[in-house]
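Beneath this line is the structure, given in structure tokens, with notes to follow.
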Amino acid sequence: MYPTTEGTRLGTCLTVWKKSLVINCKGFTVIDSCGNLAYRVDNYSVHPHQLTLMDASGNSLLTMHRRRTKLGLVYSWYVYEGENEGREKESAVCCVRKRVNILKGNGNPRVEACVYCLLGPESDKKRHGHAAFTVEGSYADRTCKVLDKSKSVVAEIKRKEANSKHVSFGIDIFHLIVHPGFDPTFAMALLLLLDQMFS
């Protein structure tokens with residue numbers, strides 16, 4: 001079931017730089033563990049209604065569209081494969097929604113977002129409020145985890161640690177660690193949406 005991938009035995013560690021390689025453009029540059037460009041995002045708007053995740057060659061991998069919910073209180077993001085105008089919600093792979101928690105400090109881990117699958121056997125569960133994946137922690141602090149429905153960690157966002165005590169990377173350079181069996185492209189799409197929701 002997407003976004004899990006069969007046969008992926010090794011995890012992936014990506015270095016994410018919150019900067020576009022294009023001048024006067026907002027976005028992200030993502031480097032793999034070998035130092036090669038893995039993904040890029042180039043946007044001309046701070047909070048766009050559409051995001052496109054591209055590979056190193058500029059090919060569209062996933063397109064994300066923001067839509068307001070029926071009550072108009074929260075936005076939902078719909079994720080599509082490839083380049084997509086986002087006119088039909090039915091063709092979306094999944095829906096990602098920011099979690100609004102009125103009761104804070106109740107001792108439970110902070111859930112930032114929920115991912116609902118819209119294709120395959122998990123699609124019916126969205127109607128009953130069962131998320132296929134949840135994001136816990138704090139994206140603002142670059143310390144959060146993506147968990148599947150059995151609460152196993154499938155991806156993590158962590159601060160990049162410097163070898164020297166006198167060097168700090170801040171929050172604009174950090175790691176996306178993708179565990180074996182989870183799609184790195186989908187994990188990167190979730191990171192982009194968290195950035196839109198919490199930046």
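Just so we're clear, the structure is a prediction, and the values are computed from it rather than from any experiment.
- Within the 4.5 Å cutoff, the side chain of Tyr80 has heavy atoms near those of the His65 side chain.
- Here the side chains of Leu190 and Val146 are in contact, with some heavy-atom distance below 4.5 Å.
- Side chain of Tyr39 to backbone of Thr185: a donor-acceptor contact under 3.5 angstrom is found.
- When all heavy atoms are compared, the tightest approach of Leu192 to Met64 is CD1-CE, 4.1 Å.
- Annotation: the span from Cys114 atom SG to Lys98 atom NZ amounts to 12.5 Å, rounded to 0.5 Å.
- Looking only at distances, a side-chain donor or acceptor of Thr63 sits under 3.5 Å from a matching main-chain atom of Gly82.
- Tracing side-chain contacts under 4.5 Å through hydrophobic residues (I, L, V, M, F, W, Y), one reaches Ile157 starting from Phe28; they form part of the same cluster.
- Side-chain contact check for Thr29 and Arg40: no donor-acceptor pair (N or O, by modelled atom type) lies under 3.5 Å.
- Interatomic distance, NZ of Lys149 versus NE2 of His130, reported as 10.5 Å (0.5 Å rounding).
- Under the 4.5 Å side-chain criterion, counting only non-hydrogen atoms from C-beta, Ser76 is in contact with Tyr78.
- Side chain of Asp141 to backbone of Thr143: no donor-acceptor contact under 3.5 angstrom is found.
- In this structure the side chain of Met197 reaches within 4.5 angstrom of the side chain of Val96, judged on heavy atoms.
- Among residues two or more places apart in sequence or in another chain, the side chain to side chain contact (heavy atoms under 4.5 Å, CB included) test is passed with Asp172 by Lys18.
- Residues Ser60 and Glu83 approach most closely at OG-OE1, 3.4 Å, considering heavy atoms.
- You'll find the side chain of Ile177 reaches within 4.5 Å of the side chain of Lys158, heavy atoms only.
- In this structure, Tyr139 and Phe174 have perpendicular ring planes: the angle between them is above 60°, well past the 30° mark.
- In plain terms, the two heavy atoms of His175 and Cys13 that are nearest each other are ND1-SG, 3.5 Å.
- Linking ILVMFWY side-chain heavy atoms closer than 4.5 Å, directly or via other members, places Leu147 and Phe198 in two distinct hydrophobic clusters.
- Remark: the backbone N or O of Val111 is not paired with any side-chain donor or acceptor of Arg99 at under 3.5 angstrom.
- Here the side chains of Asp32 and Leu14 are in contact, with some heavy-atom distance below 4.5 Å.
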What's the verdict on side-chain contact (heavy atoms from CB on, under 4.5 Å) for Phe186 and Val115, showing C-alpha distance, side-chain angles and the deciding distance?
CA-CA 11 Å; Phe186 189 78; Val115 181; 4.0 Å; yes
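- Leu62 and Ala189 make their closest contact through CD1-CB, 3.7 Å (heavy atoms, listed as atom of the first residue, atom of the second, distance).
- What you find for Val16 and Leu191 is that their closest heavy atoms are CG2-CD1, 4.1 Å.
- Residue Ser20 holds its OG atom at 8.0 Å from CG of Asn43, rounded to the nearest 0.5 Å.
- Judged as a side chain to side chain contact (heavy atoms under 4.5 Å, CB included), and not counting sequence neighbours, Ser33 has no contacts.
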side-chain contact (heavy atoms from CB on, under 4.5 Å) assessment of Glu156 paired with Cys144
CA-CA 6 Å; Glu156 300 176 74; Cys144 55; over 6 Å; no
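- Residues Met54 and Asp42 have side chains in contact (heavy-atom distance under 4.5 Å, counting atoms from C-beta outward).
- From Gln196, atom CD reaches atom NE2 of His49 across 10.0 Å, with rounding to the nearest 0.5 Å.
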How far apart are the C-alpha atoms of Lys151 and Glu136, what are their side-chain angles, what is the distance that settles it, and do they pass the salt bridge (Lys or Arg N to Asp or Glu O under 4.0 Å) test?
CA-CA 10 Å; Lys151 296 297 181 189; Glu136 293 182 358; 3.6 Å; yes
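- The distance from atom CD1 of Ile173 to atom OG1 of Thr15, rounded to the nearest 0.5 Å, is 8.5 Å.
- Across all their heavy atoms, Asn59 and Asp55 have their closest contact at N-OD1, 2.8 Å.
- With a 4.5 Å cut-off on side-chain heavy atoms, Leu118 and Val93 do not count as touching.
- A salt bridge between Glu161 and Arg159 is absent, with no side-chain N of the basic residue lying under 4.0 Å from a carboxylate O of the acidic one.
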Could you go step by step and tell me if Phe133 and Phe182 meet the ring-ring contact (aromatic ring centres under 6.0 Å, His included) rule?
CA-CA 11 Å; Phe133 301 96; Phe182 196 68; 5.3 Å; yes
